[in-house]
Amino acid sequence: MSYPTEADLLAKIPTQLYIGGEWVDGENDPFTVFDPATGEELVKVANATPAQARAALDAAVAVKDEWARTSPRHRSDLLRKAFDLLMERRDEFALLMTLEMGKPLAEAQGEVTYGGEFLRWFSEQAPRVFGRYGQIPEGTARMIVSKQPVGPCFLITPWNFPLAMATRKIGPALAAGNTMVVKPASLTPLTTLYMVKVFEEVGVPAGVINVITSRDTAGVSDIIMEDDRLRKVSFTGSTPVGIGLMKKAADKVLRTSMELGGNAPFVVFDDADLDKAVDGAIAAKFRNIGQACTAANRFIVQESIADEFARRVGERVAEFKMGRGTEEGVVIGPLVEEKAVNKVAEMVDDAVAKGAEVVTGGKKGEGAGYFYEATVLKGVSLDAQVVEEEIFGPVLPIVTFADEDEAVELANASEYGLMSYVFTENFSRAQRMMDRIEAGMMGLNVGVLSNAAAPFGGVKMSGMGKEGSFEGIEEYLNTKYTAFPEPHTDK
Ligand code: NAD
């Protein structure tokens with residue numbers, strides 16, 4: 001690995017809007033992107049007005065027919081070139097994510113791999129979009145079922161995985177022949193801006209991908225959502241914002257994909273391999289400093305092994321090094337902003353007030369930056385905020401259960417249904433849990449499972465639609481049925 005200096009890297013990152021193939025200034029005053037490990041300014045970024053957001057949609061609409069008529073192979077080749085160039089620049093992308101979002105460099109490298117895979121996967125899917133041809137059952141007519149791009153898309157991404165959340169949407173949208181306006185989170189816009197520069201460099205034509213960054217989030221998104229020419233919105237972020245967007249999407253009957261919040265149960269039975277369960281817990285909880293929608297949120301552990309599990313996890317967590325993600329050996333970087341630290345502190349204090357015991361951690365970091373210690377809590381009450389809400393921080397709360405039915409009841413006692421984890425060596429029990437746990441995804445004896453080839457998405461208040469895999473491109477395609485008379489009777 002060879003990382004550039006931070007100053008050299010920041011000097012080459014675009015900070016303007018990208019509309020119709022031109023990099024342009026925002027018409028509002030630029031806003032600042034901060035390093036969450038120091039609280040210091042990194043750069044200032046263009047701040048789009050609603051009128052500029054409309055201009056971005058104008059650009060996407062202007063080239064939509066031309067882009068839809070390009071060959072799947074051509075789109076595939078562009079995605080593959082973007083993948084190759086991203087891999088060439090992997091160290092730059094990794095460092096950039098660490099700077100603007102705070103995750104340790106090793107994890108940022110992992111996100112380059114994961115995020116890049118969506119480009120490679122959808123470059124492989126672009127030429128594999130097929131329809132079907134058949135006879136209707138009565139034998140009097142034939143049908144063709146064909147696939148068409150949905151039309152201009154609005155892609156809104158969160159701050160926690162600035163690269164992967166963008167490529168997971170841009171990849172399939174592009175592969176399916178759509179044009180788009182992308183809006184990254186204003187806390188971490190730099191990675192997406194640099195990724196879009198990669199698309200520009202490999203030859204994606206002007207207007208196909210447009211990017212707006214703005215502090216007037218509601219203003220810029222409302223004007224796009226209210227426009228009759230928009231045909232699809234894909235959103236990853238919090239459930240309340242997703243619900244607001246779905247209400248607006250209803251007014252225009254938009255195709256909608258929603259990847260929303262989670263509150264993943266992590267269930268450990270007394271027949272589990274405890275080494276695997278402890279490794280899985282560390283990975284499922286502390287990746288991205290706990291700021292992942294897939295993060296294990298509630299550790300539901302069988303009574304007879306709960307103390308042993310808490311002790312072993314606690315010993316590992318107590319060793320974690322906290323610091324700026326660029327430092328060697330750091331596991332716990334900063335949270336994304338001060339508000340997040342205060343929220344996590346409030347949740348831990350609430351759990352302790354309701355009877356939880358702190359096994360390790362439990363305090364804010366000292367000095368500059370937005371740090372909270374990696375924390376393990378045991379004996380947590382079921383009405384504690386850390387159990388009821390998405391924590392989005394490095395806190396591992398343990399509750400206990402007596403038998404399998406109670407484990408299922410506790411696991412399903414959430415409005416969310418995104419990720420779940422189950423640790424058991426009993427195969428019949430594992431299959432029952434697959435059937436009974438209400439979640440879009442399950443890790444069975446494994447703590448990390450996101451993969452571009454797998455369908456990612458939730459049920460209940462965690463959203464609708466799938467990203468990645470074979471399903472991912474379908475979210476960006478309309479299915480059309482064409483009928484014509486039976487050729488042998490139509491003489
Ligand atoms: P957020 O909802 O605050 O913001 C997400 C995006 O929506 C940002 O780009 C933000 O600028 C934009 N936004 C905010 N208000 C808006 C509005 N009124 N109209 C249009 N856009 C608006 O979420 P966040 O804090 O960036 O991300 C954390 C949340 O995202 C967590 O709840 C997490 O679980 C969820 N998440 C889900 C997935 C998933 O795949 N299911 C993945 C990552 C994060």
Side-chain angles (χ1 to χ4, degrees), residues 31 33 36 45 47-48 50 53 100-101 103 111 114-115 118 154-169 181-189 191-193 211-226 230 233-249 254 256-264 287-297 335-337 339-340 343 389-393 414-420 439-441 449-452 454-468 472 475:
F31 64 89
V33 179
V45 168
N47 193 357
E100 69 171 340
M101 187 270 159
K103 68 183 76 192
E111 185 174 345
Y114 175 54
F118 289 102
F154 187 25
L155 311 178
I156 308 174
T157 57
W159 51 264
N160 59 347
F161 291 97
L163 179 70
M165 297 303 99
T167 54
R168 202 161 81 169
K169 297 185 192 303
V181 178
V182 184
K183 199 207 80 59
S186 48
L187 285 169
T188 61
T191 305
T192 306
L193 288 166
V211 183
I212 50 165
T213 49
S214 181
R215 268 303 168 105
D216 180 9
T217 307
V220 295
S221 55
D222 285 355
I223 201 163
I224 293 178
M225 292 295 290
E226 286 159 11
L230 183 71
V233 60
S234 177
F235 170 76
T236 297
S238 61
T239 296
V241 173
I243 289 171
L245 286 165
M246 284 174 78
K247 288 182 177 162
K248 295 199 173 93
L254 291 182
T256 305
S257 302
M258 291 284 147
E259 298 287 354
L260 308 178
N263 183 349
R287 191 168 71 107
N288 226 38
I289 316 126
Q291 302 166 114
C293 53
T294 52
N297 210 63
L335 298 183
V336 72
E337 57 182 343
K339 213 165 57 181
K343 177 83 178 123
E389 295 170 32
E390 188 176 29
I391 304 169
F392 245 58
S414 167
E415 63 190 11
Y416 295 111
L418 186 64
M419 184 60 87
S420 60
M441 297 173 281
L449 53 149
S450 298
N451 189 288
F456 188 105
V459 297
K460 295 162 80 177
M461 299 282 268
S462 291
M464 59 178 64
K466 294 289 177 186
E467 293 195 313
E475 301 271 325

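Atoms within a ligand are numbered from 1 in the order they appear, just like the ligands themselves.
With a heavy-atom cut-off of 4.0 Å, Arg168 touches ligand 1 through its side chain alone. Counting heavy atoms under 4.0 Å from ligand 1, residue Glu467 does not touch it at all. Residue contacts with ligand 1 for Ser221 involve side-chain atoms from C-beta outward but no N, CA, C or O (heavy atoms, distance under 4.0 Å). Under 4.0 angstrom from ligand 1, the non-hydrogen atoms of Glu390 all belong to its side chain. Of all the heavy atoms of Phe161, none lies under 4.0 Å from any atom of ligand 1, so neither backbone nor side chain is involved. Only backbone heavy atoms of Leu260 (N, CA, C or O) come within less than 4.0 Å of ligand 1; its side chain stays farther off.
Side-chain N or O atoms of Thr239 include one that pairs as donor or acceptor with a backbone N or O of Met461 at under 3.5 Å. Listed for the Ser462 side chain is a donor-acceptor partner under 3.5 Å among the backbone atoms of Gly417. Checked by atom type and distance alone, the side chain of Glu475 never pairs as donor or acceptor with a backbone atom of Glu467 at under 3.5 Å. Not a single donor-acceptor pair under 3.5 Å links the side chain of Glu100 to the backbone N or O of Val33.
Among all protein heavy atoms, the one lying closest to atom 10 (C) of ligand 1 is Lys183 NZ, 3.9 Å. The protein atom (non-hydrogen) at minimum distance from atom 7 (O) of ligand 1 is Phe235 CE1, 3.1 Å. Ser238 N, 3.4 Å is the protein heavy atom nearest to atom 23 (O) of ligand 1. Scanning the protein for heavy atoms near atom 36 (N) of ligand 1, the closest one is Cys293 CB, 3.5 Å. For atom 27 (O) of ligand 1, the nearest non-hydrogen atom of the protein is Pro158 CB, 3.5 Å.
The shortest N or O to N or O distance between Gly237 and ligand 1 is below 3.5 Å. Taking any N or O of Ser462, backbone or side chain, none lies under 3.5 Å from an N or O belonging to ligand 1. Taking only nitrogen or oxygen atoms, main chain and side chain alike, Thr157 reaches within less than 3.5 Å of ligand 1.
Between Thr217, Thr236, Val241, Asn263, it is Thr236 that holds the heavy atom closest to atom 5 (C) of ligand 1. One option in Trp159, Phe456, Tyr416 has a heavy atom closer to atom 24 (P) of ligand 1 than any other, and that option is Trp159. With Asn160, Ile224, Asn288 as candidates, the residue nearest to atom 43 (C) of ligand 1 on a non-hydrogen basis is Asn160.
For ligand 1, the atoms lying closer than 4.0 Å to a non-hydrogen atom of Phe392 are 28 (C), 31 (C), 33 (C), 34 (O). For ligand 1, the atoms lying closer than 4.0 Å to a non-hydrogen atom of Met165 are 42 (C).
Minimum heavy-atom separation, Phe456 to Leu418: CE2-CD1, 4.3 Å. In terms of heavy-atom proximity, Ser214 sits nearest to Ala48 at OG-O, 2.8 Å. Between Leu245 and Met225, the shortest heavy-atom distance links the atoms O-CE, 3.5 Å.
Met419 CE to Ser450 OG: the interatomic distance, rounded to the nearest 0.5 Å, is 5.0 Å. Here the NZ atom belonging to Lys343 is positioned 4.0 Å from the CD atom belonging to Glu389, to the nearest 0.5 angstrom.
Shown are Leu155, Thr157, Ile156, Val45; of these, the side chain to side chain contact (heavy atoms under 4.5 Å, CB included) with Pro184 is made only by Thr157.
When side chains are defined from C-beta on, Glu390 does not count as touching Ser238, because their heavy atoms never get closer than 4.5 Å.
For the residue pair Thr236 and Lys169, a side-chain donor N or O sits within less than 3.5 Å of a side-chain acceptor on the partner.
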